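The next block holds one structure in the form of structure tokens; read it before the comments.
Both backbone and side-chain heavy atoms feed into the values below; hydrogens, waters and symmetry mates do not. Since this is a predicted model, take the numbers as computed values, not measurements. Quick note on labels: first sequence line is chain A, next is B, and so on, each numbered from 1.
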Amino acid sequence: MSAILEARSLTRTLAGPKPVHLVRDVSLTIERGAFTTIVGPSGCGKSSLLYLLGLIDRPDSGELLFDGREVSALSGDERASIRLARFGFVFQFHFLLPEFSALENVMLPMQRLGRLDRDGARSRALELLTAVGLGEKSANTPDRLSGGERQRVAIARALANDPVLILGDEPTGDLDSRNSARVIEDLRALAHEGGRAVACVTHDPGIAEISDVQIEMLDGRIEKIIDRRARLPAA
Amino acid sequence: MIGRAGFLVTIALRHLARRRRQTAVAVSGVAVGVGFFLAVSALMVGSQNDFIEQLIDAAPHIIISDELRSPSPQPGVRVFGKGAVALHGYKVRNEVRGIKDWQAIVSAANSVSGAVASPSLTGGVTLRLGGHDEAIGIVGVEPEIEKKISTIEDKLRVGHLHDLETTQGGIIIAEDLAKRLGVQVGDIVAATSSSSSGRSMRVVGLFKKGQTQLSSGTGYVLLREAQSLLGRPFIINRIGVKLADPYAAEAVAARLESRFGYKAESWQERSADFLSLLVTRNVIMYSVVSAILLVASFGIYTVVSNNVSDKRRDIAIMRSIGFSEGDLQFIFVVEGLVLAIIGVLFGWLLGYGLMTILGSLRFPIGGDVERIPLDRSARQYAIAALVSFLAGSLAAWLPARKAARVDPVDILRGAV
């Protein structure tokens with residue numbers, strides 16, 4: 001499987017009288033078709049690493065290659081357009097826009113990208129919502145959806161522009177176990193069946209155990225990488 | 001591109017719709033500002049236009065008199081002007097006062113397209129009735145021509161200008177002068193001047209009091225009547241010129257003056273003090289009223305600023321899914337602009353309503369009950385809208401810049 005994202009010695013430090021080393025000298029690759037988890041205790045820098053990988057934050061040093069291209073030095077607008085067209089994000093809290101219906105929230109990235117017209121975006125959004133089992137509730141605003149439903153809308157939104165990389169920041173952190181299992185199944189399916197790369201930060205060992213690649217962090221560094229695919233027969 | 005802008009505008013509108021009361025307050029701030037701007041400027045501009053109109057119409061646009069701005073050189077100076085010898089104490093030639101060759105000036109003035117020149121003779125006479133004397137300036141005119149260059153005909157309460165021609169020795173005087181003398185139309189008064197014996201004049205018309213240029217000390221008679229009364233046969237000492245375009249008066253006056261030498265005074269020159277007063281008045285009005293509009297834009301600043309603070313989380317979401325800084329700034333500037341647009345629309349309605357109320361009021365002005373002059377031109381509406389849009393976008397731009405600079409990482413870290 002091909003590497004979509006490659007990090008080389010990424011370092012991120014919060015400046016201040018007492019500098020905080022969020023991420024220290026992290027090198028890793030995220031591959032297509034794999035469900036990768038980043039685990040570790042609170043404050044180990046896993047979310048910070050995810051923001052760096054998602055081009056939301058900039059590293060202080062190190063290189064980040066997306067599709068073989070150095071992206072850490074790009075301008076804010078260039079990075080935004082990569083996020084828009086190629087990445088999908090699912091956060092711990094649903095992070096839907098409260099003024100918009102589920103359908104409109106899913107349409108948002110498509111309308112911003114402008115690849116589809118309004119009707120095209122609408123029908124694709126409906127398809128995506130149907131795929132996560134929310135076709136019936138597409139007109140509901142976020143306050144009329146349950147926590148699990150909102151998170152599924154967020155996943156549908158993350159898929160809007162058919163991204164090659166999906167990043168999750170504790171996507172199940174706010175959900176009960178039943179909803180949590182459903183969301184994880186969806187994410188795994190996206191990696192295994194859709195040929196996308198999926199990387200999630202989680203503190204749930206149960207989720208980490210079923211991931212293909214498990215990256216364990218401690219104190220801003222990578223402690224250990226467990227690649228379970230190696231033990232499986234070649235798929 | 002248009003599709004994307006429209007979609008960003010939708011986001012802005014949703015934000016505003018979410019906070020109706022706050023939006024309504026900001027909108028009404030702008031509306032009140034625009035409404036009062038319109039009412040006040042309609043009053044100010046209206047009264048100014050009315051005033052200028054009166055200045056223009058009260059007297060001919062250009063008055064050529066038999067005066068010279070500098071004394072004409074005496075024959076001796078004219079001949080030896082550049083000689084080495086300075087001349088003093090030479091005999092000054094006496095000249096008959098009056099405009100020489102006035103027919104040439106009248107025909108020159110008439111050759112300007114749309115212009116009419118009316119020759120007249122002015123001088124002082126004393127009207128006497130019983131033991132009562134009133135010194136007045138009389139103006140001898142050709143009624144048919146004078147009618148075309150002045151509004152005197154409209155200012156007559158009784159009689160007509162052409163009555164001067166149909167009545168032997170007719171005179172038109174101000175109604176308050178008639179009251180002082182105790183005469184009415186058809187009555188006879190005695191008129192004397194310094195250079196003639198007295199003769200009897202019959203009052204044929206009265207003009208209203210309180211007009212700018214027609215003081216109670218003016219009387220209108222026939223031109224030849226004035227010439228004989230003042231003992232100055234065939235003399236003209238004043239030519240009034242009315243132009244098709246009153247604002248060309250300065251240029252035409254300068255041309256006539258340089259060609260014929262006689263003082264040609266445009267209405268602008270005559271009213272320079274009034275006109276400069278109007279400029280001051282406009283500066284005061286526009287600064288006060290613009291301040292109202294600016295203050296209204298503070299409301300817009302507050303709303304947009306609040307929305308930016310409320311929506312920091314949403315801003316972070318949009319930024320992380322790939323909206324650019326420019327998109328975010330655009331959304332919030334649009335919010336300000338939408339408030340300004342709605343405010344301006346309501347303000348136009350309010351202003352229109354205020355103008356209608358003001359326009360329906362009647363005030364006693366100059367003895368007559370008149371409506372307040374109002375300027376209802378579209379220009380005022382456009383100025384109010386333009387200033388509000390500018391102030392509104394600026395007021396929204398400041399917080400919008402803050403929105404664009406929200407770092408999604410800060411919000412995401414805080415939320416997790």
Side-chain angles (χ1 to χ4, degrees), chain A residues 12 14 22 42 46-48 50-52 54-58 75-101 104-105 107-114 116-118 121 141 154 157-158 160-161 163 167 169-170 173-174 201 203, chain B residues 1-20 22-23 303-304 306-332 334-335 338 401-416:
Chain A
R12 179 78 172 100
L14 282 189
L22 298 171
S42 291
K46 50 190 194 302
S47 288
S48 298
L50 193 83
Y51 303 148
L52 290 176
L55 301 189
I56 296 175
D57 202 5
R58 279 176 196 275
S75 75
D77 281 357
E78 287 170 310
R79 290 148 61 86
S81 67
I82 292 176
R83 291 201 297 271
L84 181 68
R86 313 297 302 277
F87 291 6
F89 292 92
V90 184
F91 297 102
Q92 176 177 8
F93 302 102
H94 60 87
F95 272 173
L96 301 177
L97 299 189
E99 293 88 1
F100 291 82
S101 70
E104 288 168 324
N105 265 288
M107 285 168 70
L108 218 58
M110 294 187 256
Q111 288 185 284
R112 174 60 186 80
L113 186 62
L116 294 173
D117 64 8
R118 205 180 148 72
T141 46
R157 185 178 65 188
N161 287 330
L167 295 166
D169 189 6
E170 308 258 17
D174 207 28
V201 164
H203 60 261
Chain B
M1 196 60 213
I2 290 170
R4 191 173 106 203
F7 148 69
L8 295 174
V9 169
T10 314
I11 298 178
L13 292 177
R14 294 285 173 95
H15 284 175
L16 292 175
R18 202 85 199 283
R19 309 197 56 166
R20 291 231 172 78
Q22 186 189 266
T23 301
V303 169
V304 176
N306 279 350
N307 278 356
V308 169
S309 320
D310 282 4
K311 296 290 174 193
R312 282 171 64 81
R313 216 175 84 123
D314 294 15
I315 293 166
I317 301 170
M318 288 190 270
R319 292 280 288 126
S320 63
I321 65 179
F323 283 63
S324 68
E325 291 186 18
D327 292 337
L328 270 305
Q329 187 151 342
F330 183 81
I331 288 172
F332 288 96
V334 164
E335 289 186 19
V338 166
R401 218 172 34 153
K402 236 171 67 186
R405 289 183 184 163
V406 166
D407 186 351
V409 177
D410 292 342
I411 311 294
L412 295 173
R413 274 211 189 94
V416 175

Exercise. Relative to chain B, which of A:L108, A:N161, A:D117, A:D77 shows the most heavy atom pairs under 4.5 Å?
Worked result: A:L108

Work out which heavy atom in [X] is nearest to a heavy atom in [Y]; give both atom names and the distance.
X: A:F95; Y: B:I317; result: O-CD1, 3.1 Å
X: B:V409; Y: A:Y51; result: CG1-CD1, 3.9 Å
X: A:A80; Y: B:F323; result: CB-O, 4.1 Å

Going from [atom1] on [X] to [atom2] on [Y], what distance comes out if it is rounded to the nearest 0.5 angstrom?
X: B:L412; Y: A:L50; atom1: CG; atom2: CG; result: 9.5 Å
X: A:E78; Y: B:S324; atom1: CD; atom2: OG; result: 12.0 Å
X: B:M318; Y: A:L84; atom1: CE; atom2: CG; result: 13.0 Å
X: A:Q111; Y: B:I11; atom1: CD; atom2: CD1; result: 8.0 Å
X: B:I321; Y: A:N105; atom1: CD1; atom2: CG; result: 8.0 Å
X: B:K311; Y: A:L97; atom1: NZ; atom2: CG; result: 8.0 Å

Problem set entry | Residues A:E99, B:D314; criterion side-chain contact (heavy atoms from CB on, under 4.5 Å); working and verdict | CA-CA 10 Å; A:E99 293 88 1; B:D314 294 15; 3.8 Å; yes

Problem set entry | Residue part contacting chain B, namely of A:L22, when any heavy atom lies under 4.5 Å | side chain

Problem set entry | Portion of A:F89 that has a non-hydrogen atom of chain B nearer than 4.5 angstrom | side chain

Problem set entry | Side-chain donor or acceptor of B:R14 paired with backbone N/O of A:P98 under 3.5 Å | no

